[in-house]
Amino acid sequence: MRVRHGLRDLLRGLRHRESTPQGRPAAADSELLLRVLCHEFRTPVSTLGALTRLLADERRELTADDRRAISELARDQAAHLQSLLRDATAGTGVLTLPPQPEPAVPLAGILREAAALVPADRRRARVTRRAASCPVPAGRSRQVLVNLVENALRHGPPDGHVGLYATLRGPGLSILVTDEGRVDDALLVALRRPAPAVGMSGLGLWIARQLVATDGGALRAHRLRPRGVALEVLLPMARPLG
């Protein structure tokens, strides 16, 4: 499966795209592009590191399904890095080209890969049959869910549970990534910003929002009771795969 990263998609949500008379991107756009590239290189590199540690940890017993999911995610993250390199060297026109089409795949496979990042004893998952079969854009959906799962592992309690849940909700598809942390002001601000703040803080959530918006969806935060936070990806329903 060929994965299309599409920095063009990531920067589609940038509202202010001023250019110099020579048609080159303004300094603000160039700086944002550099930050997005740095962040997006960090995600697959850290993911590949986490996957190799899982494989090397002799204390953890991995099922055949776990190993299959780990190998699939490692393959796709390597392809993601190759795509990043192509986009990074494609020239400054990356800011203005339209989003690239990419194949649709059943959600179940994407969720299985993202879940492979979470140790089995900390993992919680529940997916309805209809949601599992829903087609989603392969590269963008994988990128969003891996980003959200890594955030949950990074910001939730070290031994807390991380959950992935999916169901049909009204006319769309709802995907939840949960952890046992809390909804703080920084998270809410990151989900509202039209453009990311200076630095790397909140950049991953901004990128996820742009990718979800590319497919007509939204990213929301919810407080869980008695404790916890859920990031919800809402996507419009696509036609079933034939």
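Values below: every heavy atom of this structure, side chains too, minus hydrogens, waters and symmetry copies.
Although no hydrogens or angles enter the test, the distance criterion places a donor-acceptor pair under 3.5 Å between the side chain of Asp179 and the main chain of Gly181. Here the side chain of Arg182 pairs no donor or acceptor atom with the backbone of Gly156 at under 3.5 angstrom. Panel note: side chain Ser141, backbone Ala138; no donor-acceptor pair is recorded below 3.5 Å.
Rounding to the nearest 0.5 Å gives a distance of 7.5 Å between CG of Leu219 and CZ of Arg209. Note: Ser133 OG to Leu168 CG = 7.5 Å, rounded to the nearest 0.5 Å. Rounded to the nearest 0.5 Å, atoms CD (Glu72) and CZ (Arg142) are 9.0 Å apart. Atom CG of residue Leu211 and atom CH2 of residue Trp206 lie 9.0 Å apart, to the nearest 0.5 angstrom. The CZ atom of Arg225 sits 13.5 Å away from the CZ atom of Arg227 when rounded to the nearest 0.5 Å. Rounding to the nearest 0.5 Å gives a distance of 14.5 Å between CD1 of Ile207 and CZ of Arg140.
Here the shortest heavy-atom pairing between Val144 and Ala208 reads CG2-O, 4.0 Å. Looking at every heavy atom in both residues, Ala69 comes nearest to Glu113 through O-CG, 4.1 Å.
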Candidate pair Arg112 and Asp65, rule salt bridge (charged side-chain N to carboxylate O under 4.0 Å, His left out), full reasoning: CA-CA 9 Å; Arg112 185 169 57 247; Asp65 286 342; over 6 Å; no
Ile175 vs Leu111, side chain to side chain contact (heavy atoms under 4.5 Å, CB included): CA-CA, chis, key distance, verdict: CA-CA 9 Å; Ile175 308 166; Leu111 287 176; 4.0 Å; yes
Verdict with supporting geometry, Arg122 and His161, side chain to side chain donor-acceptor pair (under 3.5 Å): CA-CA 4 Å; Arg122 297 178 56 194; His161 294 121; over 6 Å; no
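For Asp66, the side-chain contact (heavy atoms from CB on, under 4.5 Å) criterion is met by Leu62, Thr63, Arg123, not counting sequence neighbours. Scored by the side-chain contact (heavy atoms from CB on, under 4.5 Å) test, Thr128 finds Ala131, Thr167 as partners (sequence neighbours excluded). For Val189, the side-chain contact (heavy atoms from CB on, under 4.5 Å) partners are Arg192, Arg193, not counting sequence neighbours.
Residue Arg124 qualifies as enclosed at atom CZ: its count of foreign heavy atoms under 6.0 Å is above 12. Counted within 6.0 Å of CG on Asp185, heavy atoms from surrounding residues, nucleotides or ligands total 12 or fewer; the atom is thus considered open.
Within the 4.5 Å cutoff, the side chain of Val162 has no heavy atoms near those of the Glu180 side chain. Counting only heavy atoms from C-beta outward, the side chains of Leu231 and Leu191 approach each other to under 4.5 Å. Looking at heavy atoms from C-beta onward, Val229 lies out of side-chain contact with Thr178 at the 4.5 angstrom threshold. The shortest side-chain heavy-atom distance between Leu205 and Leu148 falls under the 4.5 Å cut-off. Side-chain contact between Leu234 and Leu173 is absent, with no heavy-atom pair separated by less than 4.5 Å. Looking at Thr214 and Val212, their side chains never come closer than 4.5 Å, going by heavy atoms from C-beta outward. Counting heavy atoms from C-beta on, the side chains of Val149 and Leu153 come closer than 4.5 Å.
Grouping Ile, Leu, Val, Met, Phe, Trp and Tyr by side-chain contacts under 4.5 Å, direct or through others, puts Leu176 with Tyr165. Annotation for Leu224: hydrophobic cluster partners, listed by chain and number, are none (ILVMFWY side-chain heavy atoms under 4.5 Å, direct or chained).
Listed by first then second residue, pairs satisfying side-chain hydrogen bond (donor to acceptor under 3.5 Å, both in side chains) with a partner in residues 229-238 read Arg169-Glu232, Ser174-Glu232, His222-Glu232, not counting sequence neighbours.
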